[in-house]
Amino acid sequence: MTNNLQNDLLIRAAFSQPIPRPPVWMMRQAGRFMKEYWAIKNKYSFLEMCKTPEIAADVTMLPVDLLGVDAAILFSDILVTAEAMGGKLSFEQGVGPLFANPVRTWDDAEALRTDVLGELQYVGDAIRVIQQRLQGRIPLIGFAGAPFTVLSYLVEGGSSRDFKRTKLLLNNEPEMAHLILQKIADVTIDYLNMQITAGVNAIQLFDSWAQALSWNDYRTFAHTYNTQIISKLHRKDIPVISFCKGSSVFAPLMAEAGPDVVSVDWNADLRNIKDSLPHGVAVQGNLDPFVLYADKKVIKEKILYLFERMRGQEGFVFNLGHGIMPDIPFDNVKHAIEVVKEFNY
Ligand SMILES: Cc1c2[nH]c(c1CCC(=O)O)Cc1[nH]c(c(CCC(=O)O)c1C)Cc1[nH]c(c(CCC(=O)O)c1C)Cc1[nH]c(c(C)c1CCC(=O)O)C2
């Protein structure tokens, strides 16, 4: 495989090639647990940060410069596609994302736009600025939200604990759900291909809340669309990582959708998941992020336990089972990354 990266551990691990140690990056590695993030966040709104390429690049680079991770992830959000489609999106401090015009009727669903790449050009611009800063040191991961998870925010109007309205829609009005899901899938395909053209080195698809679904509903309302998206990416040598909370259960279906890597939450034993997947599908994960609140000695032990379980396995990317929480001590995150980087099989 050829690429011009100085550190291509992530790419090699994603394609299940031999590597001296697992690569490390962490979901939500650019965020509120860093005081340097707050220095920027106190001056701009979250969406302003996402939409100003220089600022998005500054934030993307924070964990690269301060933590020494093996991959950068674009600073953006999974909900920018839904905003471009017509959702009136805001992020309220302490509340999370809100859509002022939730999708509740057939008319709302039909009004969602799909020809929206023009409105997402700021993301391509940010990718180009970030790649100038990275200078090929490490890969840049682009990403998008998967249709089911994005639909849940559009329908609920924001975050939800039980996904009651979303499930009511899937159960009572499946055709309307499919209309919305297909529109989000179409936008996501264009959007990820645009990120690839702009220069990302890997892609992660976030279906964060798929755990809410039954197996059958996951297949009908999530898997179908994720499969479509992954099959329509102009991947060339760009690996695709598929993430959901619930991957401990849904990993077999996730692998069937055709990604290079399945990102696993912290419930399952990672080795058992790896062994259950078809040969050549890599895994990413799966430290419980709450371990990062613990003493440094404990953090190290839990990481080394995971590495022992994965000994002899190609196709392993170290990550958390879900994102870093905002109040996790920075020093603990840094310690975890150092433990991984000092490791050698
Ligand atoms: C579900 C989801 C969202 N966004 C995302 C997901 C999938 C990952 C996951 O399951 O956690 C993905 C995401 N969001 C953000 C990134 C940037 C890259 C990274 O560092 O990982 C990524 C990859 C920045 C962000 N996205 C958000 C922030 C916080 C904004 C702030 O500073 O207030 C950041 C840094 C806001 C956001 N965005 C979202 C929520 C629910 C919230 C509010 C809750 C929270 O704050 O954690 C939607």
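Values below: every heavy atom of this structure, side chains too, minus hydrogens, waters and symmetry copies. First listed ligand is number 1; within each ligand, the first listed atom is number 1.
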Does Y293 have any ring pair (Phe, Tyr, Trp, His ring centres under 6.0 Å) partners at least two apart in sequence or in another chain, and if so, which?
-> F290
Distance from [atom] to nearest protein heavy atom, with residue and atom:
| atom | value |
| --- | --- |
| atom 2 (C) of ligand 1 | I78 CD1, 3.4 Å |
| atom 13 (C) of ligand 1 | R28 NE, 3.6 Å |
| atom 22 (C) of ligand 1 | F143 CZ, 3.6 Å |
| atom 36 (C) of ligand 1 | F91 CE2, 3.5 Å |

Just jot down the ligand 1 atoms closer than 4.0 angstrom to any heavy atom of [X], in number order.
| X | result |
| --- | --- |
| S208 | 1 (C), 7 (C), 8 (C), 9 (C), 10 (O) |
| G96 | 43 (C) |
| Y37 | 30 (C), 31 (C), 32 (O), 35 (C) |
| L74 | 17 (C), 18 (C) |
| Y153 | 1 (C), 41 (C), 48 (C) |
| A30 | 20 (O), 35 (C) |

Decide, yes or no, whether a salt bridge links D58 with R133 under the criterion of side-chain N to carboxylate O below 4.0 Å.
-> yes
Please work out whether any backbone atom (N, CA, C, O) or any side-chain heavy atom from C-beta onward of T149 is under 4.0 Å from ligand 1, and answer side chain, backbone, both or neither.
-> neither
Q204 contact mode with ligand 1 (heavy-atom cut-off under 4.0 Å) | neither
Test item, [X] contacting ligand 1 (heavy atom, 4.0 angstrom):
| X | value |
| --- | --- |
| P97 | yes |
| I324 | no |
| S76 | yes |
| H322 | yes |

Apply ring pair (Phe, Tyr, Trp, His ring centres under 6.0 Å) to F243 and H322, showing your working.
-> CA-CA 9 Å; F243 168 82; H322 201 186; 5.5 Å; yes
Between F91 and F46, what is the ring plane arrangement, given parallel below 30°, perpendicular above 60°, and tilted in between?
-> perpendicular
What orientation do Y225 and H178 show, parallel under 30°, tilted 30 to 60°, or perpendicular over 60°?
-> tilted
Flag K41 as yes when one of its N or O atoms lies below 3.5 Å from any N or O atom of ligand 1, and as no otherwise.
-> yes
Has ligand 1 got any nitrogen or oxygen that is less than 3.5 angstrom from a nitrogen or oxygen of M27?
-> no
Within a radius of less than 6.0 Å around OH of Y345, do more than 12 heavy atoms belonging to other residues, nucleotides or ligands occur?
-> yes
Please check if atom NZ in K334 has more than 12 non-hydrogen atoms from other residues, nucleotides or ligands closer than 6.0 Å.
-> yes
Do M26 and V69 have side-chain heavy atoms sitting under 4.5 Å apart?
-> no
Determine whether the aromatic ring centres of F148 and F221 lie less than 6.0 Å apart.
-> no
Hey, would you say the F307 and F316 ring centroids sit under 6.0 Å apart?
-> yes
On a heavy-atom basis, I'd like to know which of [options] is closest to [atom].
| atom | options | result |
| --- | --- | --- |
| atom 39 (C) of ligand 1 | L89, D77, D265, L47 | D77 |
| atom 34 (C) of ligand 1 | F243, Y44, F46 | F46 |
| atom 46 (O) of ligand 1 | R32, E92, Q93 | R32 |

When rounded to the nearest 0.5 angstrom, what is the spacing between CZ in F15 and CG in L10?
-> 9.5 Å
Check the hydrophobic clustering (I, L, V, M, F, W, Y; side-chain heavy atoms under 4.5 Å; chains of links allowed) and say if V262 and I19 are grouped together.
-> no
Report the C-alpha separation of K300 and E338 in whole Å, then their side-chain angles, then the decisive distance to 0.1 Å, and conclude whether the salt bridge (charged side-chain N to carboxylate O under 4.0 Å, His left out) test is met.
-> CA-CA 9 Å; K300 183 169 185 173; E338 281 162 4; over 6 Å; no
